[in-house]
Amino acid sequence: MTKVRFAPSPTGYLHIGNFRTALINFLFAKNKNGHFMLRIDDTDDERSLKKYEDAIKEDLSWVGINWDSLEKQSSRLSYYDQALQKLLDKKRAYPCFETAEELSLKRKKQLSSGKPPIYDRSALNLSDSDIADLKAKGRSPHYRFLLDHKDVNWNDLVKGTSQYNMSNLSDPVIIREDGRVIYTLASVVDDIDFEVTDILRGEDHMTNSAAQIQLFEALESSPPNLGHLSLLTDISGAGLSKRLGSISLRDLKDEGFQPMAISSLLSKVGSSDAIEIFRDINQIISDFDISKFGKSKPKFDKNELRGLNSKLFKMLDFSDISNQLKKFNFKISSDFWELVKGNIENLEELELWWNIIYGNIEPKYNDENFLNTALETLPEGNFDKNTWTNWTSILMEETGRKGKELYNPLRMCLTGQNKGPEMATLVFLMGRGKVLERLTNK
RNA sequence: GGUCCCUUCGUCUAAUGGUUAGGACACCGCCCUUUCACGGCGGCAAUACGAGUUCGAAUCUCGUAGGGAUCACCA
């Protein structure tokens with residue numbers, strides 16, 4: 001069975017790059033009736049916070065991504081120790097005693113003399129007695145994985161035939177000086193134990209993957225299928241870290257974006273499918289195909305998201321949205337929703353239209369003579385659904401105007417906007433009192 | 001600096017040596033609508049640059065330029 005995992009570290013809120021990876025893993029698995037595992041990579045306990053773990057779960061749930069199982073690396077520490085022992089026995093791991101400062105200095109030197117900052121493996125020269133001496137002095141080692149300096153090849157689900165020469169890489173540290181495991185090892189151990197079949201993640205993991213392939217093999221397993229998605233950039237083409245990293249899912253939520261608008265965009269952008277709005281995640285699942293994703297970097301455009309959001313609102317009935325409308329401190333009726341849903345990009349705009357119809361706004365008078373005539377011909381009595389048509393028919397006869405010439409001054413005066421929902425219903429909901437107020441309140 | 005990856009309309013992309021370089025979104029125009037929008041129809045618009053291979057190159061090769069990623073006792 002297909003089994004994937006999404007493995008965030010709880011060191012911050014889910015941003016849109018992260019979320020896209022989660023979504024694509026979810027869609028990939030569900031399309032194959034597979035298993036989607038949420039794995040909390042909290043081995044860095046200095047930076048990991050429960051608050052973020054909760055937030056990540058909450059955000060995933062908000063968009064309808066449900067996990068079939070949940071694991072936390074912090075509860076699996078003994079397995080990582082066993083893996084280290086195995087690697088030590090096979091001479092694929094070795095102890096190192098350099099301090100972080102020494103290593104950093106070394107890298108700087110290499111870089112300034114034009115050389116790649118790759119670890120020189122000097123700890124490999126330590127004899128058993130050297131190591132014993134250092135330990136006796138109270139020094140405790142960190143451990144590195146000994147890479148095999150050769151080409152690693154794999155057939156990437158997204159990138160196709162891929163290759164990396166391991167001599168361009170430092171032997172990765174897998175256990176810290178204080179004994180805590182590092183992601184590189186923990187992730188592989190978990191992927192083996194939980195029988196993950198496919199790893200889908202960003203192309204920033206490309207070199208990690210190359211090293212981890214050797215780790216899978218050293219642990220007498222075989223690597224899962226690997227797919228590296230091209231990273232999202234902002235509209236100018238700048239990388240994720242610069243700006244998109246700061247757009248979290250919660251920001252989008254707060255800005256009034258709907259989960260399905262976000263999922264619709266992020267599941268299709270960068271693929272050869274058309275970007276369109278989907279009402280239901282199952283529709284996206286059923287035609288998901290990882291091979292449709294391209295190798296170049298797609299751009300995330302909030303305007304595109306706005307468009308999808310407004311298309312979604314048009315599709316929603318009052319009953320679909322009424323829960324979300326409770327957050328407003330004014331009561332929204334079904335009639336009101338049906339009237340304005342075709343003219344909004346996000347829910348916050350409801351407040352504007354609510355004020356236009358029921359509250360106070362600054363009307364715009366751009367044709368006083370005409371508006372005077374409108375005032376004179378305003379029908380008496382309570383408004384009904386035909387009032388607008390009757391009224392404008394009279395106005396048309398009186399003034400000879402029609403079309404935009406007829407409607408625009410009324411729209412501007414009554415709503416303060418040059419566009420918006422259909423006037424007939426809008427005026428009916430407004431009622432005679434409010435219309436009179438706007439017409440006379442110049 | 002080393003290594004890896006990327007570059008087709010504004011945007012997402014299709015075209016795996018022969019196409020008038022196709023589609024979707026956006027934009028513009030027309031129609032529909034006595035207004036906004038929806039919808040229908042149409043239009044604008046691209047192979048980063050330079051060589052090479054070939055009868056023929058978006059496609060293969062090399063170079064140039066631009067962009068991204070990575071090179072942590074982070075994940």
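Each chain gets a letter, A, B and so on, in the order its sequence line appears, and its residues count up from 1. All values derive from a computational prediction rather than experimental measurement.
- In this structure B:rU34 sits in no base pair that meets the Watson-Crick or G-U test at under 3.5 Å.
- Partner assigned to B:rU11 is B:rA24, using Watson-Crick or G-U wobble distances below 3.5 angstrom.
- B:rA72 makes up no base pair with any nucleotide shown, lacking Watson-Crick or G-U wobble contacts both under 3.5 Å.
- B:rA57: no Watson-Crick or G-U partner with both key distances under 3.5 Å is found in any strand.
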Collect all protein-nucleotide pairs involving nucleotides 30-34 of chain B in which both atoms are nitrogen or oxygen and the distance is under 3.5 Å.
unit_1: B:rU34; atom_1: O2'; unit_2: A:Tyr407; atom_2: OH; d: 2.8
unit_1: B:rU34; atom_1: O4; unit_2: A:Ser393; atom_2: OG; d: 3.3

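- The partner of B:rG17, taking Watson-Crick or G-U wobble pairs whose two distances both stay under 3.5 Å, does not exist in any strand shown.
- Every residue meeting the salt bridge (Lys or Arg N to Asp or Glu O under 4.0 Å) condition with A:Lys159, not counting sequence neighbours, appears here in chain and number order: A:Glu203.
- If you measure from atom CD1 of A:Ile344 to atom P of B:rC38, you get 14 Å, rounded to the nearest angstrom.
- In this structure, CG of A:Leu265 is placed 18 Å from P of B:rA24, rounded to the nearest angstrom.
- Under the Watson-Crick or G-U wobble criterion, with both distances below 3.5 Å, B:rG29 is paired with B:rC41.
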Write down the protein N/O and nucleotide N/O pairs, taken from nucleotides 8-17 of chain B, whose separation is under 3.5 Å; answer none if there are no such pairs.
unit_1: B:rC12; atom_1: OP1; unit_2: A:Lys299; atom_2: N; d: 3.4
unit_1: B:rC12; atom_1: O3'; unit_2: A:Gly270; atom_2: N; d: 3.2
unit_1: B:rC12; atom_1: O2'; unit_2: A:Gly270; atom_2: N; d: 3.2
unit_1: B:rC12; atom_1: O2'; unit_2: A:Ser271; atom_2: O; d: 3.2
unit_1: B:rU13; atom_1: OP1; unit_2: A:Gly270; atom_2: O; d: 3.2

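- Counting only heavy atoms from C-beta outward, the side chains of A:Ile56 and A:Phe19 never approach each other to under 4.5 Å.
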Grab the N/O contacts between the protein and nucleotides 26-28 of chain B below 3.5 Å, and write none if there aren't any.
unit_1: B:rA26; atom_1: OP1; unit_2: A:Lys311; atom_2: NZ; d: 3.3

Produce the list of close N/O pairs, under 3.5 Å, pairing protein atoms with atoms of nucleotides 42-47 of chain B; give distances to one decimal.
none

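- For residues 409-422 of chain A, the set of pairs meeting the side chain to side chain donor-acceptor pair (under 3.5 Å) definition, not counting sequence neighbours, comprises A:Glu422-A:Thr425.
- Sorted by first and then second residue, the side chain to side chain donor-acceptor pair (under 3.5 Å) pairs involving residues 308-321 of chain A (not counting sequence neighbours) are A:Arg279-A:Asp320.
- Stacking of A:Arg144 on the aromatic ring of A:Tyr119 is recorded, both the 6.0 Å distance cut-off and the 45° axial limit being met.
- A:Tyr407 meets the ring-ring contact (aromatic ring centres under 6.0 Å, His included) test with A:Trp388; sequence neighbours excluded.
- Residues passing the ring-ring contact (aromatic ring centres under 6.0 Å, His included) test with A:Phe383: none are found, sequence neighbours excluded.
- What separates CD1 of A:Ile277 from P of B:rC38 is a distance of 15 Å, to the nearest Å.
- For residues 344-359 of chain A, the side chain to side chain donor-acceptor pair (under 3.5 Å) pairs, not counting sequence neighbours, are A:Lys327-A:Glu348.
- Atom CG in A:Leu229 sits roughly 17 Å away from atom P in B:rC5 (whole-Å rounding).
- One interatomic measurement links the two molecules: CD of A:Glu338 to C1' of B:rC38, which rounds to 14 Å at whole-angstrom precision.
- In this entry B:rG63 has B:rC49 as its Watson-Crick or G-U wobble partner, both defining distances falling under 3.5 Å.
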Walk along nucleotides 70-75 of chain B from 5' to 3' and tag each nucleotide B, S or - by protein heavy-atom contact under 4.0 Å, base first, then sugar-phosphate. SBSBBB

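- With ring centers used as reference points, A:Tyr13 lies under 6.0 Å from A:Tyr52.
- An anti base is found at B:rC32: its glycosidic angle is more than 90° from 0.
- Judged as a salt bridge (Lys or Arg N to Asp or Glu O under 4.0 Å), and not counting sequence neighbours, the contacts of A:Glu98 are A:Lys106.
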